[in-house]
Undergrad: 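Structure incoming, see below.
Because only heavy atoms are used, hydrogens play no part in the values below, and waters and symmetry mates are left out as well, while side chains stay in.
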Amino acid sequence: MAAEPEILEELRRVRFRVPQLTGALAASVDGLVLAHDTPGVEPEGLAALTATALGVAVRMADVTGRGELREVLLRGVHGYVATYAAGRGAVLTLLAEDRVNVGRLHLEGRRAGARIGELTDVPRTTGGGHPAAGPDHRHPRKSQRS
C-alpha cells in the first residue's frame, strides 16, 4: 500500500473541496487505519465500524441484486457519514455536516476514493482473483482471506 503522507494529502484535498466535511478517513477493508483527518473522532474505532458496515452493505447489495457496492450513505440528526470504495482493499469514509450538498459530497467522495484506490492498489503477481470493494468486485471482506 502507498505511503500514508500521500493518502493524508488526498484526505486534506477533499476536505478543502467540501468545506462542510468534519472528518475524513482511509482504511483497509479489514478496518485498519491507513490515514485520517478526523478531529474529535477516534480513528481506530471509526475504521473498525466502517469495516463492519461495509460487510453488511456488501451482503445487502448482493442479496437484493443491486450489484457491486459503490458507496454507503448514512444520515443522522447532525450530519452524514459516507463511505466509498477506494480500490480493491480500501475504503474512504467522510463525515459531513447536515447542511452539506449531498451531490457535491458524492462527486468529491467518489473522486477521492478513486485516487486513494490508485495509491493503495498493488498489482498481484500470483494467481487467483482479488475480490474487493472496487467497482469491478463484489465482496471486499474476502480480499484479505485469499
Undergrad: Measuring only between side-chain heavy atoms, which start at C-beta, is Arg17 closer than 4.5 Å to Arg15?
TA: no

Undergrad: Hey, what do you get for OG1 (Thr120) to CD (Glu6), rounding to the nearest 0.5 Å?
TA: 11.0 Å

Undergrad: Check whether any side-chain heavy atom of Leu54 lies under 4.5 Å from a side-chain heavy atom of Thr52, and answer yes or no.
TA: no

Undergrad: With sequence neighbours left out, write down each residue that passes side-chain contact (heavy atoms from CB on, under 4.5 Å) with Leu73, or none if nothing qualifies.
TA: Tyr80, Ala82, Val102, Leu105, His106

Undergrad: Are Leu11 and Leu49 connected in the hydrophobic side-chain network, where two residues link if heavy atoms are under 4.5 Å apart?
TA: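 No, it is not one cluster - the side chains of Leu11 and Leu49 are not joined through contacts under 4.5 Å.
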
Undergrad: For residues 40-51, which residue pairs pass the side chain to side chain donor-acceptor pair (under 3.5 Å) check, not counting sequence neighbours?
TA: Thr50-Thr93

Undergrad: Between Asp30 (side chain) and Leu32 (backbone), is there a donor-acceptor pair under 3.5 Å?
TA: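 Such a contact is absent between Asp30 side chain and Leu32 backbone.
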
Undergrad: Kindly write out the residues that satisfy side chain to side chain donor-acceptor pair (under 3.5 Å) with Glu118, not counting sequence neighbours, or none if the list is empty.
TA: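 Partners of Glu118 under the side chain to side chain donor-acceptor pair (under 3.5 Å) test: Arg115.
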
Undergrad: Thr22: what forms a side chain to side chain donor-acceptor pair (under 3.5 Å) with it, not counting sequence neighbours?
TA: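 Result, side chain to side chain donor-acceptor pair (under 3.5 Å) vs Thr22: none returned.
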
Undergrad: Can you tell me how far CD of Glu9 sits from CD1 of Ile116, rounded to the nearest 0.5 angstrom?
TA: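 Separation between the atoms: 11.5 Å.
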
Undergrad: Given the rule that I, L, V, M, F, W and Y join up when any side-chain heavy atoms are under 4.5 Å apart, are Leu46 and Leu34 in one cluster?
TA: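 Looking at the clustering, Leu34 is in a separate group from Leu46.
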
Undergrad: Taking only residues two or more places apart in sequence or in another chain, which ones pass side-chain contact (heavy atoms from CB on, under 4.5 Å) with Ala27?
TA: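 Partners of Ala27 by the side-chain contact (heavy atoms from CB on, under 4.5 Å) criterion, ordered by chain and then number, come out as Leu25, Ala47, Val91.
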
Undergrad: Leu94 and Ala24: which non-hydrogen atoms are nearest, and at how many Å?
TA: CD2-CB, 3.7 Å

Undergrad: Shortest non-hydrogen contact from Glu71 to Leu69?
TA: O-CD1, 3.7 Å

Undergrad: With clusters defined by side-chain heavy atoms of hydrophobic residues (ILVMFWY) lying less than 4.5 Å apart, directly or transitively, does Leu92 cluster with Leu95?
TA: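 No; tracing contacts between hydrophobic side chains, which count when under 4.5 Å, never links both residues.
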
Undergrad: Filter on salt bridge (charged side-chain N to carboxylate O under 4.0 Å, His left out), then keep only pairs touching residues 90-105, sequence neighbours left out; what's left?
TA: Arg75-Asp98, Glu97-Arg99, Arg104-Glu108

Undergrad: Can you find a pair of side-chain heavy atoms, one from Pro43 and one from Val41, that are under 4.5 Å apart?
TA: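 No, every pair of side-chain atoms sits at 4.5 Å or beyond.
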
Undergrad: Rounded to the nearest 0.5 Å, how far apart are CG of Leu21 and CZ of Arg12?
TA: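 Atom-to-atom, Leu21:CG and Arg12:CZ are 14.0 Å apart.
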
